[in-house]
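Here the structure comes first, spelled out in structure tokens, and everything after it is commentary.
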Amino acid sequence: MIVMEPVLEPSVPGEILLRASNLRAEYEAASGGIVAVDDVSLSIRDGEVLGVAGESGCGKSTLGAVLSLTARPPLYVLGGELEIAGRKLSFDPDHAPPRLWRGSVVSLLPQGAMNSISPTIRIGDFAVDIIRAHEPGVSRKEAIDRAAERLEQLGLPARALSSYPHQLSGGMKQRVVTVLSTLLNPRLLIADEPTSALDVSTQKVMIELLIELLDRRLVGSVIFVTHDLPVLRMIAHRIAIMYAGRIAEIGETEEIINRARHPYTGALLASVLVPEPQIRRRRITGISGAPPSLADPPPGCRFHPRCNLATDVCRTTQPPQVGDWHQYAACWWAQDHQGEAVVSYL
Amino acid sequence: MKLSRFTSRFYVALGIVFLVAFFGTLGPLLFTGKDLTTVVGGLYDAPSGKAWLGTDNLGHDVFTYLMYGTRSSLIVGVISGLIATFIGVVVGTVAGYVGGAVEETLMAATNIMLAIPQIVVLVLISVALDSRSVTSVAIVIAVTSWPWTARAVRAQASSVRTREHLDIARLSGANTVSIIVFDVLPYMLSYVVMVFVLQISIAILSEAALSLLGLGPSEGTSLGLMLHWALAWESVRNSAWWAFVPPTIMLTMVAFGFLLLQSSLDEVFNPRLRRDSGRKRRKRIASARTAAEAAEAATTSGSGA
Amino acid sequence: MSFTRYLVRKLAWSAGALAVAVFLNFLLPRLIPGNPIDAIVSSLGRGGAEAGTLKAVKEAYTEAFGLDKSMVEQFFIYVNNLLHGDLGKSFTTYPQTVGDLIGEALPWTIALQLPAILIGWIVGNILGALAAYKSGWFDRGAFISSLFVSSVPYYCVAILLLYVFAVVFPVLPPGGGYSFGTTPEWTSAFAADALEHYWLPFLSLLVVFIGGQAVGMRSMAIYELGSDYVNYSRGMGLRDSKIVRYIFRNAMLPQITGLAISIATMVSGAVITEIVFSYPGVGTLLFNAISQTDYPVISGVTLILTVMVLAANFLVDIACGIIDPRIRAAGGVE
């Protein structure tokens, strides 16, 4: 196994670029709404990579869809606000978000790029359609040239533009889609499991491409949604751990990995192979029980039925956020044990 | 909500099919007294108490003819459906399971058969037959309508071929025929049922088309033959609606009923059912494992004591 | 280059199918029990043909079939005649050639079927795509009526339309290709008359074609609406109109392939529909030939139908290859 060492300096100073507050989104189902993102707020600095991790069904991909403005039925965004680079957007289930934000302000790097481009058009035609959707005056040739230039700048062959999607290999397709997603220099890129379908060496190339895009300031910041903690360790400045539609803990990558303060984060890390000397001596364990049904979440802290450290208050009252916007754990235990890591208690 | 929509569609289809089937099978037993040779009136007498649906061009009772016509159409449908499904399933399964040169040969034959319009082969064979009974018409239709089934079944069979339980069957020394019968076919049973339903409706419509062309059964009657004579004797232009509307409606009901049945069966058999059975299977495996662990625990504690 | 290979492959398939059809056309009439010519001539005699005609028919038929020769030789004679465009002579309208009879009937059939298939395909696809895109009452109404119409046999629709619009409300003529007593000629009066007779058979075919295509297109388009590329294209800020164009293009492919499969059914259905309206095309020609056991005409019509369907399929294959790059790349895998 390739050991994924941290490749970025842990902190890149920058202004706050994006502020998302009180996001709420639900899936409409016959039995009633399923709230998959429940009152989530987060902020990202310019140039930062924020990892979003959690088990399947924790709402991380839904959060990605909400932030990239691509929520569509049966997913409805019930409310919340987005403030990005000085521009504001209020979510409202009755009004679609502005089309022109998508792709240029926030952009989506989809999961499984295999089928992300219509199989019957050339990559170049899609690039032209993207550019023209935002700048209708641009000629076809000009648009193609711009896309070709961007590909070459990032070390990818410009002839990919004359290919159909099925003619590119999986890794190449994912990288080309990444370039297309950032063609309009979006301020925020939401990458939804972009590396999950790739083998480890291709993953590494993908990560390097993302870092290069950040270094060249072709994207402002990146939200990287994945279940793969080792990959996040390699690229993310901060990590947000989601559980049952809420953020359980958020913090600097090394803090989360080495000094988790939320019992769920601790349990999640214990179930992943992390080849760090201070952790690797422990046995890999699973988390007992199953994630709660989002249609009927438990009262109080949503993790309490599976938590070893749960007390009476956890069962009745929603936990406070212990810390500041930059780093906090939503946990009663953390409230009582400020500054302590949860690892030794599990 | 989805489940109830499916069931209503399924029951409507089943209702239509049963109605037609009862009319064709039980009708001639219930309404006795007239048969295909009974003449009850003149050319195109209007419906009356004596002849509920009037008379046809030879003064026969249309209602009686409709019962017997429905019966022979259904007989053609079932016989032809059985044979065509059988040929199609055998060719498709062998091609899909065996693969290689056998598959290529069988599929080449199938594709060529598919390229030639069915009506052409039907007409040519029917013309060559000296006399045509209901059964021989059914066989002729079956012989020309299996190719699409073979093609569809082959796709299913070759996807089943790669499953692991077949490797186990092969490793345990089972021969090809028994693997096909016991390990491949059961996986396609639901699909074969749908194919059969569709083949019945195709055969009934093909019989009607052949009869309209004048190549229907040379004895008895059928829905297509009724239409044939109604058209030949100008019932439409003479406003004798009772001669052509009943067989038209009956054919429409048969075609729509069977198609609806097939598409609602598709809903049952396809994704949802498979997912359900998968979940049940996993549950069964889980409970089996618990039982095994319990047994193991029991023996360990027993030996310890 | 691979597109050429694809075309050659498809052409080879069509040629193979044609060869088999020619062989069946040759073989099956020769399987009639007893001496086929005697059977034919005696049935003609029953039909009341004159003795002189019968003798001429018998001689011509014996010579054309070369029945005294071996089957292999007969086959080569048959193929040789075909290659020279010689389909034989009709029994009932002797000495008219089968080629002439088909030549008279074919334009009527093509004029009826080609527009009905093309317009039915286009309108049906647009209707199906709209139903998928709009959903709601439009979708439900369009879907259920399409499903019903597409499952009703062609000739049933034809008979009911004929009864309603030519007999109950006599707004259109009750059949034929033109009024009784007129002869086909290139005048505007005749064209208007022919057009009047055209509506009913045309509409009855069109209704069924539209229904079938709409049902297929709707489910394809619904499937495409949920695909990844739709989501990504939205995520990149593309206009809905652009995305609908992507969807249409992709949903179109299975629809075109579907057309290749259903074209034989369409042609057969249309042939039967001609009988209902006594429309002077190859369907009515076939019907008359069957009722008079005119074997050369039956054989000629079935051959022409096969060629029509194979040619239409080949055109559809070309269209598929042009639209779908994957087909070109794969060289046409089933």
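Reminder, nothing fancy here: chain letters follow the sequence lines and each chain counts from 1.
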Task: Residue, of B:L260, B:T248, B:L213, that accumulates the most heavy atom pairs under 4.5 Å with chain C - done: B:L213

Open item on the list: Out of C:L24, C:I159, C:V152, return the one with the most heavy atom pairs under 4.5 angstrom to chain B.
Closed with: C:I159

Task: Most contacts with chain C, counted as non-hydrogen pairs under 4.5 angstrom, among B:A155, B:P247, B:S235, B:A209 - done: B:A209

Open item on the list: For C:I298, which atoms come within 4.5 Å of any heavy atom of chain B: side chain, backbone, both, or neither?
Closed with: side chain

Open item on the list: Need one label for B:L227: side chain, backbone, both or neither, based on atoms under 4.5 Å from any heavy atom in chain C.
Closed with: side chain

Task: Contacting moiety of B:V236, where chain C heavy atoms sit under 4.5 Å - done: both

Task: Which portion of C:L310 sits near chain B, non-hydrogen atoms under 4.5 angstrom - done: side chain

Task: Gap between atom CG of C:L259 and atom CD1 of C:I117 - 0.5 Å precision - done: 7.0 Å

Open item on the list: Counting heavy-atom pairs under 4.5 Å with chain C, which one of B:L259, B:L231, B:L212 comes out on top?
Closed with: B:L212

Open item on the list: Would you say that more than 12 heavy atoms from the other residues, nucleotides or ligands in this model lie under 6.0 Å from the CZ of C:F165, or not?
Closed with: no

TODO: Against chain B, label C:L160 side chain, backbone, both or neither, depending on which of its atoms sit under 4.5 Å from a heavy atom there.
DONE: side chain

Open item on the list: Which atoms of C:A21 are under 4.5 Å from chain B, going by heavy atoms: the side chain, the backbone, both sets, or neither?
Closed with: both

Going by atom type alone, with no hydrogens or angles, which donor-acceptor pairs under 3.5 Å involve a side-chain atom of residues 276-290 of chain C and a protein atom two or more places apart or on another chain?
from, atom 1, to, atom 2, distance (Å)
C:T284, OG1, C:E274, O, 3.4
C:T284, OG1, C:Y279, O, 2.4
C:N288, ND2, C:T284, O, 3.3

Task: From C:I272 atom CD1 to B:L210 atom CG, the distance as rounded to the nearest 0.5 Å - done: 7.5 Å

Task: Polar side chain donor-acceptor pair, B:Q262 to B:S201, under 3.5 angstrom - done: no

Open item on the list: At a 4.5 Å cut-off on heavy atoms, which part of B:A232 comes close to chain C: side chain, backbone, both, or neither?
Closed with: neither

Task: B:W148 atom CH2, neighbour heavy-atom count above 12 within 6.0 Å - done: yes

TODO: Would you mind checking which part of C:S291 comes under 4.5 Å of any heavy atom in chain B, side chain (CB onward), backbone (N, CA, C, O), both or neither?
DONE: neither

Task: Among B:L124, B:I119, B:N238, residue most engaged with chain C (heavy-atom pairs, under 4.5 Å) - done: B:L124

- [ ] Could you tell me how the ring of C:F23 sits relative to the ring of C:F75: parallel (under 30°), tilted (30 to 60°) or perpendicular (over 60°)?
- [x] perpendicular

- [ ] Select one option (side chain, backbone, both, neither) describing which atoms of B:F256 are under 4.5 Å from chain C's heavy atoms.
- [x] both

- [ ] For residues B:I204 and B:F258, determine if any side-chain heavy atom of one lies less than 4.5 Å from a side-chain heavy atom of the other.
- [x] yes

Task: Under 4.5 Å from any heavy atom of chain C - which part of B:A230 - done: neither

TODO: Spell out, as yes or no, whether a donor-acceptor pair under 3.5 Å connects the side chain of B:R132 to the backbone of B:G216.
DONE: yes

Task: Contact leader toward chain B among C:V267, C:N25, C:V157, C:L18, where contacts are heavy-atom pairs under 4.5 Å - done: C:N25

- [ ] Calculate, to the nearest 0.5 Å, the distance between atoms CG and CD belonging to B:N111 and B:E104 respectively.
- [x] 11.0 Å

Task: Contact origin within C:Y155 toward chain B - heavy atom pairs under 4.5 Å - done: side chain

TODO: Assess the side chains of C:S14 and C:N313: does a donor N or O sit below 3.5 Å from an acceptor N or O?
DONE: no

